[in-house]
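All values reported here derive from a predicted model rather than from experimental measurement. Throughout, a chain's letter reflects where its sequence line sits, starting with A, and its residues are numbered from 1.
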There are 2 protein chains.
Amino acid sequence: MSDVARMAGVSKMTVSRVLAGHSVALATRERVQHAIDELGYVADAAAGALSSGRSEFVAVLVPSLASSNFSDTVRGLAAALEPQGLQLLLGDTDYDLQREERLVRSMLRHQPRCIALTGAQHTAATRTLLRRSGIPVVEMWDLPSDPIDTAVGFSNVKAAREMVRYLTERGYRKIGFLGGASDLDRRGLERLKGYQQEIRAQGLGEPRIVRLGDSPITMSHGGPAFDALLARWPDTDAVMCVSDMSAFGAIMQCHRLGLNVPGDIAVAGFGNFEVAACTHPSITTVSVDAHGIGFRTGETLLAALAGDGVQGSRKSVKIDYTVIARESA
Amino acid sequence: MSDVARMAGVSKMTVSRVLAGHSVALATRERVQHAIDELGYVADAAAGALSSGRSEFVAVLVPSLASSNFSDTVRGLAAALEPQGLQLLLGDTDYDLQREERLVRSMLRHQPRCIALTGAQHTAATRTLLRRSGIPVVEMWDLPSDPIDTAVGFSNVKAAREMVRYLTERGYRKIGFLGGASDLDRRGLERLKGYQQEIRAQGLGEPRIVRLGDSPITMSHGGPAFDALLARWPDTDAVMCVSDMSAFGAIMQCHRLGLNVPGDIAVAGFGNFEVAACTHPSITTVSVDAHGIGFRTGETLLAALAGDGVQGSRKSVKIDYTVIARESA
DNA sequence: TTGAAAGCGTTACCAA
DNA sequence: TTGGTAACGCTTTCAA
């Protein structure tokens, strides 16, 4: 910066002001800009953050960057925050609470202005770290009963119950559920819980549950899980899956077995992933506005920063979901 | 840090040493650690970076975080770099060179130790910025003729030619290509080029090319593109797609049209995405080690940092690819 | 509209 | 093994 200042014949302060877009005489500004371009000067954000006492980072943690659900959420966040000059500090927890804690610790060292994480489940140490940091926190994709600060999400339990109701309205009675075996995927567990509640509430007999494989649930989940379900309960007439990925695998398995979907058996997914619309038959699913979760989170965070910039809003932003009726159920 | 030092009855320097893992008497270290835990002290990375002159950031730019190909690459990078205490600074260029330039500029402000970007195509300003920064640069997913520094990738042209050879060896002669309409997806264009070269080389008549839609190519690409291909060249016996996403869409369209794959028409993809293995019929494709590209990139960067930490290695790391024969072609 | 000085929280360096 | 001091490159604050 001193070099630029010397070349433009001004003080460092003027260079700083030009960079920050503060008022500077036009002629001066042009001279400074010219010097910047000439020298290829790039300001040091770390020095700026140290001096001003605030960084331009926003920390974001999702379970899996590979899942289109969460990458949509990240895009929504970016759409809301990047125009404000904020930098996303992205992390992938891999559905691992310990890893989440490590990432939070590491990100907090960069003094982010605020932080968005996924889910309501965190280690005690994570919660302590976040509270002590004092910065605005948003938990996404769920509506925790005991939020750290703000939440932007929806009830996975209720959404799953709605899907069961959709299926029973269509006349299905012997409804199975395909989910993951791991307890780390809380949202998956909530969906399972919703399924169980609604099956019980409607008196549809014992729940037919297959839990298989690790999170994230991938396309290769559906086939084996479907086989396991039919092996145990051969008269099942509809299958509800914890995610569209699994539903897709189940439908492909039906193709292989020569089963007609939904004629012989109906299949429903969750999440409205791209594959759901493109598969033949197209997959009935619960559509969640993943991008919207990110964007609303971004807006919420911006509002908190525009205020006092500390945590404590304790708002809950509810995100809509809807059952999308397609061909498979 | 002063607070911690006071509480532990030592100087700030000793606290710094404990944090950095330098040699400190055990008793002292324990007292300091206790004070750190007690106070919930989190060191300021920005101050550390400023003082030491080096950050712990690695900048990474991919065209799309949502594409499992690139998210696998990011995971590979994280696997190689996070154990070294490096923080990924992730950006999503959205296949937009201007956006890439903005992101590079913004990331360079954080003084990353090194940077990995995707592809060989960048704006002139981006190239200048990167050269002037002096930090090690890796271009991934391609083997540029004029690399900025190091490259880790493979020839998309050659890989596509290999797929055409696979198809002709299987007896297919009237082979079409489904790709995107945008010239921004350079790797897609290279694949198209490889297709054309090999069709010409084998004297298979005029190339049958459909270019439709924007990058990234999604599952909804394949159906309409497939229809366009058959409308123009009804006797086509095999379709080669720029990506598995498109191939999947094409196969679903075949299901709808009652066409047997590969009996009536063969379909091949590119990338070995998860969907390729799970679709019925499973999709013949070119498998690229996306995770390996990330991991090798990480290793390359670590080697550069362990050396002088500046750009100029000019290596080219070739990544393997193979045609995976499955049911669809 | 511009400049000078102080200081942000850490680490490098040298000294004890 | 530990401590004191001087940076690091910027922004804040106050003065001109």
Check nucleotides 10-13 of chain D for protein N or O atoms closer than 3.5 Å to its own N or O atoms and list the pairs.
| residue | atom | partner | partner atom | Å |
| --- | --- | --- | --- | --- |
| D/dC10 | OP1 | A/Tyr41 | OH | 2.5 |
| D/dC10 | OP1 | A/Asp44 | N | 3.4 |
| D/dC10 | O5' | A/Tyr41 | OH | 3.3 |
| D/dC10 | O2 | A/Ser51 | OG | 2.9 |
| D/dC10 | N4 | A/Lys12 | NZ | 3.3 |
| D/dT11 | OP2 | A/Ser16 | OG | 2.4 |
| D/dT11 | O4' | A/Ser51 | OG | 2.5 |
| D/dT11 | N1 | A/Ser51 | OG | 3.4 |
| D/dT11 | O2 | A/Ser51 | OG | 3.3 |

Contact list for residues 51-67 of chain B, test side chain to side chain donor-acceptor pair (under 3.5 Å), sequence neighbours left out: A/Arg109-B/Glu56

Could you tell me the separation between the [atom1] atom of [X] and the [atom2] atom of [N], rounded to a whole number of Å?
X: A/Asp3; N: D/dG9; atom1: CG; atom2: P; value: 10 Å
X: B/Leu50; N: D/dA7; atom1: CG; atom2: P; value: 14 Å
X: A/Leu26; N: C/dT2; atom1: CG; atom2: P; value: 10 Å

Rounded distance [0.5 Å steps], CZ in B/Arg314 versus OG1 in B/Thr150: 8.5 Å

Parallel, tilted or perpendicular, as decided by the 30° and 60° cut-offs, for the rings of A/Phe57 and B/Phe57: tilted

Residue pair A/Leu103 / A/Glu100, side-chain heavy-atom distance below 4.5 Å: no

Single hit among B/Arg127, B/Glu139, B/Glu101 for side-chain hydrogen bond (donor to acceptor under 3.5 Å, both in side chains) with B/His122: B/Glu139

C/dT1 OP1/OP2 closer than 4.0 Å to side-chain N/O of A/Thr14: no

Minimal non-hydrogen separation, B/His22 against B/Arg29, with atom names: O-NH2, 3.3 Å

